[in-house]
S.K.: 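Dropping a structure here in structure tokens format, bear with me for questions.
The figures that follow rest on heavy atoms only: side chains count, while hydrogens, waters and symmetry mates do not. Note that ligands are numbered from 1 as they come in the structure, with each ligand's atoms numbered from 1 the same way.
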Amino acid sequence: MLFFDHNATTPISETALRTYACSLKEDWQNPSALYREASRVKAKFELERERLALLIGCKKESIIFNSGATESNNAIFSHFSKNNCSASHCLISPFEHPSIKDAARYYFNNRVLYMPISQNGEIDLSKIEQILDRQKIVLVSLMAANNETGILQPWLEVSEICKKRGVFFHCDSTQFIGKRTPVELNQCSSFCASAHKFSGPKGMGFFVSKIPIQFQTGGLQEGSLRAGTENFPAIKAMVSAYSEIHERLVSVELLAEFRDQFEQKVCAELPDIRILGSQVPRLWNTSMLITPKYDNLSWVSKLDKLGFAVSTGSACSIGKLENVSISKAFGLSRQESRRLIRVSSYFSTKLEDWLSLASAFGEAFDMLNAESSQSSVISI
Ligand code: PLP
């Protein structure tokens with residue numbers, strides 16, 4: 001099976017797996033305990049924090065290890081709703097991941113404002129300052145790279161606008177970290193990552209913030225901000241996965257060429273196929289397609305039979321035929337939004353894999369056409 005759903009998750013790397021297994025065996029002591037063996041684990045733990053801080057380009061004190069981006073995104077909205085008056089608002093983009101959108105609505109109820117967007121899937125930067133001037137906004141949140149289309153958002157510009165006005169800016173950088181160099185992320189007030197997006201273990205991530213954000217109470221771990229026994233083996237595995245990937249980030253634009261060749265070939269196979277966001281800067285690994293005919297679940301199933309794992313969009317909205325946020329952002333019709341397919345690669349994906357996926361789209365189309373001509377059901 002050729003895996004083209006890396007934006008949902010990536011397989012753990014050999015190095016991370018080895019590190020994890022070894023550390024589970026050797027470093028099982030509770031880092032907070034007082035005997036020497038535990039202090040040794042605590043010292044190793046702090047070394048991993050330092051190592052990550054150096055790679056990411058932030059202060060080691062600003063890192064909180066946690067279970068991943070969903071936890072970070074919830075914590076930030078919880079913090080700002082709790083610590084501000086009931087008239088304060090938050091501002092987010094309409095195509096944020098559900099862990100931002102749902103957290104914003106949960107903690108801020110009807111005090112969630114949405115950034116205006118242009119028809120090409122980017123936010124309309126020119127309107128942000130006006131909104132900040134008009135409303136009492138305490139938290140602005142914008143993703144660095146969209147999980148479904150791969151479109152890169154002007155997060156650095158928004159971060160600067162917020163900085164000038166003293167408004168806290170959170171960046172959901174879950175799809176960005178491990179795909180692009182993170183050098184400028186430290187300009188944001190806070191940002192987050194999930195290890196399983198860059199070949200690390202699942203249920204592990206980190207959050208970086210310029211101010212203390214309380215995750216959970218009940219112990220002194222992570223400077224008392226996130227209580228609970230630390231999962232040191234997973235932390236070590238995450239940092240080793242990231243450090244391996246970090247070295248490869250300088251040459252990712254060469255890999256965009258593979259994706260572009262796939263897009264050319266798939267457009268030749270299926271002339272009426274459309275690619276979302278091809279006119280704006282995107283992650284090198286992602287392609288979001290609107291197929292010419294048939295619903296996306298039929299495509300996923302046919303491509304699966306042909307040996308390719310692709311997706312209909314975010315893993316958090318799987319099973320839904322329609323992708324509402326993408327549809328709104330691009331002004332798609334109901335039918336078009338039922339024909340969206342996302343393909344996403346990672347460093348292990350070769351050019352020949354991309355090209356055989358393009359051919360498989362052609363084959364799947366033939367199979368769906370043949371089935372449809374034998375069926376009396378009208379397809380969309
Ligand atoms: N934010 C974005 C942009 C994502 O793509 C994801 C996962 O797909 C998340 C947040 C949530 O990550 P996790 O499920 O690892 O908590």
S.K.: Below a 4.0 angstrom heavy-atom separation, can you tell me which part of His196, side chain or backbone, both or neither, approaches ligand 1?
M.R.: side chain

S.K.: Write down the atom of Ser81, the atom of Tyr107, and the distance for their closest heavy-atom approach.
M.R.: CB-O, 3.3 Å

S.K.: What part of Lys197, side chain, backbone, both or neither, has a heavy atom within less than 4.0 angstrom of ligand 1?
M.R.: side chain

S.K.: Could you note down all residue pairs passing ring pair (Phe, Tyr, Trp, His ring centres under 6.0 Å) where residues 204-227 supplies at least one of them, sequence neighbours left out?
M.R.: Phe207-Phe215

S.K.: Knowing that exactly one of Asn296, Thr286, Asp5, Thr312 qualifies, which makes a side-chain hydrogen bond (donor to acceptor under 3.5 Å, both in side chains) with Arg342?
M.R.: Asp5

S.K.: What atoms of ligand 1 come closer than 4.0 angstrom to any heavy atom of Ser99?
M.R.: 10 (C)

S.K.: Considering only heavy atoms, does Ser194 approach ligand 1 within less than 4.0 Å through its side chain, its backbone, both, or neither?
M.R.: side chain

S.K.: Could you tell me whether Asp172 approaches ligand 1 through its side chain, its backbone, both or neither, with non-hydrogen atoms closer than 4.0 Å?
M.R.: side chain

S.K.: Quick check: Asn147 and ligand 1, any N/O pair under 3.5 Å apart?
M.R.: no

S.K.: Please say which of Ser189, Ser190, Ser159, Ser72 ends up in a side-chain hydrogen bond (donor to acceptor under 3.5 Å, both in side chains) with His170.
M.R.: Ser190

S.K.: Compute the shortest N/O to N/O distance between Glu71 and ligand 1 and return yes if it is under 3.5 Å, no if not.
M.R.: no

S.K.: Looking at every heavy atom in both Met115 and Ile123, which two are closest together, and how far apart are they?
M.R.: SD-CD1, 3.8 Å

S.K.: I'd like to know if the side chain of Ser194 reaches the main chain of Ala69, judged simply by a donor and an acceptor atom lying under 3.5 Å from each other, with no hydrogens or angles considered.
M.R.: yes

S.K.: Considering only heavy atoms of Met143, which atoms of ligand 1 have at least one such atom less than 4.0 Å away?
M.R.: 3 (C)

